[in-house]
Amino acid sequence: MTAQGVPLSNLLGLPRPALEAFVGQLGSKPFRARQLMNWIYKRGTDSFAHMTDLAKELRTRLAASAVVRAPEVLSLQHSADGTRKWLLQADARQAFEMVFIPEPDRGTLCISSQVGCALDCSFCSTAQQGFNRNLTTAEIVGQVWLAARTLEREVAHQGIAGDVPQAQAAPRAERRISNVVLMGMGEPLANFRQVVPALDILLDDFGFDLSRRRVTLSTSGLVPQIYRLAATSNVALAVSLHAPDDTLRNELVPINRKHPIAELLEACWHYLDEQNGRSVTFEYVMLDGVNDSAVQARALARLLRGHPAKVNLIPFNPFPGTRYRRSPAGVIERFRDELLQRGVLATIRRTRGEDIDAACGQLAGRVIDRTTVRLGNKVIGVAVQP
Ligand code: SAH
């Protein structure tokens, strides 16, 4: 709170124009916002006192009216394969997760957009948790800010008696966030109002300065919002397709009953009209005996052939209580080959972070339990209901 009882503004939630306006209200020139962003995003600073090239008076006013506040970390787990998963606090009873996946040529941060999810896809553990609330822009941007800062510090501490066991510490080159994917908990397009300004900050030269190719938004298929996104922020688009026909997709991804496949694909091709030379990634979870037959692969190829599309096959990641099983590796490879033979680009997503439940679709299922343990708060287990 400020001295006047107004809540402090969290600068992590303000895209550049809003930050310029904010700095203007404090009596400074708008370009000061760029210097401020440089400190916040490039240098990972949250202390106004350290921002030495800003006038002392501005620093004092900032300290009285604003904060740079990322979500609180409840826990940080390291997988044997170098993947890390953070459990972050949304409020006293709720938590959400983000995952960093280091690879030799890139570092991908998978962030959440909501606490839980309302869409009820039958094979997703986040769905089991139900929906609690949208994350704010500051909480979305705060994830990237926090991860970048933590990873930088790991680099600084590597070799010294650090907090990361050496066997689990990725080499330096793998510690940078080169890509951000909105593939954590939640449906990003159901939180459009908070997600779009967050994308702006990720892309801004004075923010995280990521190229549009390196920021991917994944959606279960909210058609009207795909059109809106095309008009506002054309980051890379991934779509959770998971079935080649409406009957099966209605069962796996219930939003399909509202926006069937034909309508969804039309929105995807429209999205690409706006951005030359790119393609939509279609995610397809491989469920044993459900959507993994050669006939289904051919049906999928018919839908996508001739369009700028890639298919990313995701081996199903099981979670407690699920009725699905992962397709055998040979079946997944055959499915991929059926697509490739028909001229549709297809890859198999390598599963990462399974030992810490950080793999696709595993976020959230046990968050509530973990949060219960962490916070010792008996209310948590019943806090969210579908
Ligand atoms: N709500 C968005 C963002 C989530 S992205 C969306 O649906 O696209 C997470 C990806 O992992 C989605 O493609 C989702 O369908 C997939 N997924 C969900 N549960 C999974 C599971 N148990 N195993 C593998 N992939 C899963």
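Just follow the structure's listing: the first ligand is 1, and inside any ligand the first atom is 1.
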Does ligand 1 come near enough to [X] that some N or O of the ligand is less than 3.5 Å from an N or O of the residue?
| X | result |
| --- | --- |
| P188 | no |
| S125 | no |
| R349 | no |

R34/D205 salt bridge by N-O under 4.0 Å criterion: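 No, no charged N to carboxylate O under 4.0 Å.
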
In plain terms, say whether E139 and R133 are close enough for a salt bridge, that is, a side-chain N and a carboxylate O under 4.0 Å apart.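 Looking at R133 together with E139, the answer is yes, because their closest N to O distance falls below 4.0 Å.
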
Can you find a side-chain donor-acceptor pair between Q35 and R32 that sits under 3.5 Å? yes

Sorted by chain and number, sequence neighbours left out, ring-ring contact (aromatic ring centres under 6.0 Å, His included) with H50 holds for none

For E187, does its backbone N or O pair with a side-chain atom of Q114 as donor and acceptor, under 3.5 Å? yes

Number the atoms of ligand 1 from 1 as they appear, then name those within less than 4.0 Å of a heavy atom of [X], with their elements.
| X | value |
| --- | --- |
| C124 | 18 (C), 19 (N) |
| V285 | 23 (N), 24 (C), 25 (N) |
| G184 | 4 (C) |
| H242 | 13 (O), 14 (C), 15 (O) |
| N317 | 21 (C), 22 (N), 23 (N), 24 (C) |
| I314 | 24 (C), 25 (N) |

Residue selection (non-hydrogen contact nearest atom 1 (N) of ligand 1) among S112, G186, S220: G186

Below 4.0 Å, non-hydrogen atoms only: which portion of [X] touches ligand 1? Side chain, backbone, both or neither.
| X | value |
| --- | --- |
| T219 | backbone |
| E283 | side chain |
| Y324 | neither |

Take a 6.0 Å sphere around CD of E57 and say whether it holds more than 12 heavy atoms from other residues, nucleotides or ligands.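 Open: at most 12 neighbouring heavy atoms sit under 6.0 Å from CD of E57.
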
Side-chain touch L11/V67, heavy atoms, less than 4.5 angstrom: no

Are the side chains of I140 and N191 in touch, meaning some heavy atoms are under 4.5 Å apart? yes

